[in-house]
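The next block holds one structure in the form of structure tokens; read it before the comments.
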Amino acid sequence: GAVVSQHPSRVICKSGTSVKIECRSLDFQATTMFWYRQFPKQSLMLMATSNEGSKATYEQGVEKDKFLINHASLTLSTLTVTSAHPEDSSFYICSARDDRAGRVYNEQFFGPGTRLTVL
Amino acid sequence: AQSVSQHNHHVILSEAASLELGCNYSYGGTVNLFWYVQYPGQHLQLLLKYFSGDPLVKGIKGFEAEFIKSKFSFNLRKPSVQWSDTAEYFCAVSFIKAAGNKLTFGGGTRVLVKP
């Protein structure tokens with residue numbers, strides 16, 4: 001149990017286009033999901049917290065108009081990189097917190113990541 | 001601000017050697033502690049976690065970690081590594097009642113086990 005999927009796994013796009021990445025919790029409900037960015041050979045940096053039915057909470061320095069997050073259901077959150085530029089190229093990882101565990105434990109289950117390359 | 005640091009960026013060792021990876025955090029309050037592993041080309045997997053109770057926690061694949069509150073540390077250990085333990089290891093901390101209970105990751109340690 002506790003499987004998180006991401007789609008697509010890889011995407012290459014032209015500069016100026018928008019890209020949507022999906023994050024799904026397959027066998028559990030997740031009121032809260034998280035979006036991270038991982039640069040090569042670096043750690044995960046939290047971009048935003050996605051809350052089902054409400055607005056996402058963005059970390060300092062993350063442009064909310066650039067990285068649109070929609071958490072429309074208890075099993076799906078989407079990240080849209082708008083007007084992508086080469087500097088947005090990165091590995092984007094989502095995670096989901098299993099509601100059954102309760103908010104106390106904050107254990108997160110991670111998706112396999114999406115490699116975005118902007119030409 | 002709360003932070004997590006991992007002392008070693010790269011570790012190279014031979015099979016059967018013992019492994020210890022350091023992790024320290026800065027926060028005086030209650031924390032939940034995690035170690036994740038990322039094998040080449042795969043997603044993050046949870047190795048072990050600490051919430052409360054016995055500060056020595058055992059995880060999967062023979063890994064264990066010890067929470068030393070006085071040292072703000074949560075070091076990961078494995079007595080005898082295998083080639084298949086080659087991966088990147090991340091320490092993560094949830095600072096309870098601060099920063100919205102989000103996970104903060106350390107910089108990661110790349111471990112290469114030579115056969």
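Below, read A as the first sequence line, B as the second, and so on, with proteins coming before strands; counting in each chain starts at 1.
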Quiz item: If you take all heavy atoms of A/Phe110 and B/His43, which pair is closest and at what distance?
Solution: O-CD2, 3.5 Å
Exercise. May I have the step-by-step check of side chain to side chain contact (heavy atoms under 4.5 Å, CB included) for A/Gln38 and B/Phe90, ending in yes or no?
Key: CA-CA 12 Å; A/Gln38 186 179 27; B/Phe90 293 96; 3.5 Å; yes
Quiz prompt | NZ (A/Lys20) with more than 12 external heavy atoms under 6.0 Å | solution = no
Practice problem: Of all the heavy-atom pairs spanning B/Gly107 and A/Ser43, show the shortest one and how long it is. | Solution: CA-CB, 3.6 Å
Practice problem: Indicate the atoms forming the closest heavy-atom contact of B/Gln38 with A/Phe91, along with that distance. | Solution: NE2-CE2, 4.3 Å
Quiz item: With the 4.5 Å side-chain cut-off for hydrophobic clustering, are A/Trp35 and A/Val3 part of the same group?
Solution: no
Quiz prompt | B/Val37 with B/Trp83, same ILVMFWY side-chain cluster at under 4.5 Å | solution = no
Quiz item: Taking atom CZ of A/Arg97 and atom NZ of B/Lys102, what is their separation to the nearest 0.5 Å?
Solution: 11.5 Å
Self-check item: Closest non-hydrogen atom pair, B/Tyr36 against A/Gln108
Solution: OH-O, 3.1 Å
Quiz prompt | Segment of B/Leu44 engaging chain A (4.5 angstrom heavy-atom cut-off) | solution = both
Practice problem: Answer with yes or no whether the hydrophobic clustering places A/Ile93 together with A/Leu116; edges join I, L, V, M, F, W, Y residues whose side-chain heavy atoms lie under 4.5 Å apart. | Solution: no
Quiz item: Would A/Met33 end up clustered with A/Tyr92 when hydrophobic side chains under 4.5 Å apart are linked, directly or stepwise?
Solution: no
Practice problem: For residues B/Leu103 and A/Tyr36, report the shortest heavy-atom separation together with the two atoms involved. | Solution: CB-OH, 3.7 Å
Quiz item: Between A/Phe109 and B/Leu46, is any pair of side-chain heavy atoms under 4.5 Å apart?
Solution: no
Practice problem: Using a heavy-atom cutoff of under 4.5 Å, enumerate the residues of residues 45-64 of chain A that contact chain B, numbered in order, or state 'none'. | Solution: A/Leu46, A/Thr49, A/Glu59
Exercise. Please check if atom NE2 in A/His7 has more than 12 non-hydrogen atoms from other residues, nucleotides or ligands closer than 6.0 Å.
Key: no
Quiz prompt | A/Leu119 with A/Ile21, same ILVMFWY side-chain cluster at under 4.5 Å | solution = no
